[in-house]
Amino acid sequence: MDVRDAIGRALVWSSEWLNYATSLWLLYQVAIILALFLAARFAARRVEPLVEDRARQIKGHPGLLRVVIALLRRTDWILFTLFLFAALNLMRAFVWPIHLYLLRIVLSLSLAWLVASVLSRMVHNRLVARLLGWLIWIYAALVILGVSDETATLLDSLAIRMGAIRFSALLLLKAVLLLVATVWLAVVTGNYIDERVRISEELTPSIRVLVGKVAKIGLVLVAGAVALSAVGVDLTALTVFSGAIGVGLAFGLQKVVSNFVSGIIILLDKSIKPGDTISLEGTFGWIRELRARFVSVVTRDGREYLIPNEDFITQRVINWSFSDNLVRLDVDFGVSYDADPHQVAELAIEAAISVGRVEADRRPVCWLTGFGDSSLNFVLRFWIHDPQQGLTNVRGKVLLALWDTFKKNGIGIPYPHREVIVREAGPTGLKGNWAAR
């Protein structure tokens, strides 16, 4: 069928509809449709709250709950479709079928809109869901009205050629619809595989993340290739074009590619994994998630830092829990020269053991490190097994325990003394000078 035949059939179809529109039965059907729609809207206000209370009781099935809520939001359309169906069956016993043509068309269109809107709710993105719902309904409407072939011919005639490839509006529409459908299916499948891999106890956390990301990216690429091949696009003809785009993207997105490759390296060498406690350029926290471009690090104050993967490859990273969760901490302190250093070391060890987070199996040690200007200097070393709970807080508790222990045993913690000497005026005529020591 060429464009002229399609236009001719469209003109005949519009002429038939014009003749039908002038009949009295059309007015009757329009009045019935409006009355049933208003009745459905009124009834929906009463029915929807009652059914919604029962729907909220659904637990453990988010997918089912999403579909049920989508149906509840369209209660008026459901009732309108049911009212139309009942009215059509009732009037068939008294009216010729030709006089019910508009009712049948409206019933089919409303049912198609209801199905399309509910199915589109399976897509989480609102804009994509609405666009997909409208496209499904428009296609169904063209089929119901019997003009799908004419519309396809018209869209196919709107085309341009790029070498050996012919791009038409129909081809573009098919490619977009099929690409959206296949990519959505690939994303859903990839998320399912990712969830199944994450709960697997046989794989390490890094391998779980790696398998999940490879599955998602691989399925999306396969879906795109399948969609383009299905609509008749020769992928080999796009080799030169894609190569030029690839070179441009390589220069413009080199940092993105670098972070992506760095993320793959991090997952393969298992240098960091979710749950590890790390320090990087003054940022101390634990890794919450590994992404394709960055690593999510949560600090003790609740801040979440999104650090590029490249920094974990090029910078010096401290992984407090890389091979073992046991971490040794040091606390420096000083006591008066009047104290017995042997007694101070024993009391410091007992004070450290009294803190709950300090490992008792690995006994702390305390060493005299030097004779200061006004104090005997010591270092207290102890071990903890939970660095993700913080380091400053456990050091503070150990210092408080030292303070209480030394105060109880009469051991003083000295502080520097300064003496100011005021002298009388000298022969230079100055009223006075001072010296400090």
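With sequence neighbours excluded, no residue forms a side-chain hydrogen bond (donor to acceptor under 3.5 Å, both in side chains) with R362. Contacts of R363 classified as salt bridge (Lys or Arg N to Asp or Glu O under 4.0 Å), with partners at least two apart in sequence or in another chain: none. Residues forming a salt bridge (Lys or Arg N to Asp or Glu O under 4.0 Å) with R288 (at least two apart in sequence, or on another chain): E304. Under the rule for a salt bridge (Lys or Arg N to Asp or Glu O under 4.0 Å), D311 has no partner lying at least two apart in sequence or in another chain. Residues that satisfy the side chain to side chain contact (heavy atoms under 4.5 Å, CB included) test with V317, not counting sequence neighbours, are I278, L280, F312. Listed by chain and residue number, nothing satisfies the side chain to side chain contact (heavy atoms under 4.5 Å, CB included) test with E346 (two or more places apart in sequence, or in another chain). Listed by chain and residue number, V379 satisfy the side chain to side chain contact (heavy atoms under 4.5 Å, CB included) test with D332 (two or more places apart in sequence, or in another chain). Take L109 and apply the side chain to side chain contact (heavy atoms under 4.5 Å, CB included) test, not counting sequence neighbours, and it matches I105, W137, A141, I144. Legend: residues meeting side-chain hydrogen bond (donor to acceptor under 3.5 Å, both in side chains) with S375, ordered by chain and number and at least two apart, are N377. Here F406 pairs with F333 under the ring-ring contact (aromatic ring centres under 6.0 Å, His included) rule; sequence neighbours left out. Every residue was checked against the salt bridge (Lys or Arg N to Asp or Glu O under 4.0 Å) condition with R45, not counting sequence neighbours, and none meets it. Annotation: side-chain hydrogen bond (donor to acceptor under 3.5 Å, both in side chains) contacts of T299 (sequence neighbours excluded): D301.
Using a cutoff of 4.0 Å between basic side-chain nitrogens and carboxylate oxygens, K407 and D404 are not scored as salt-bridged.
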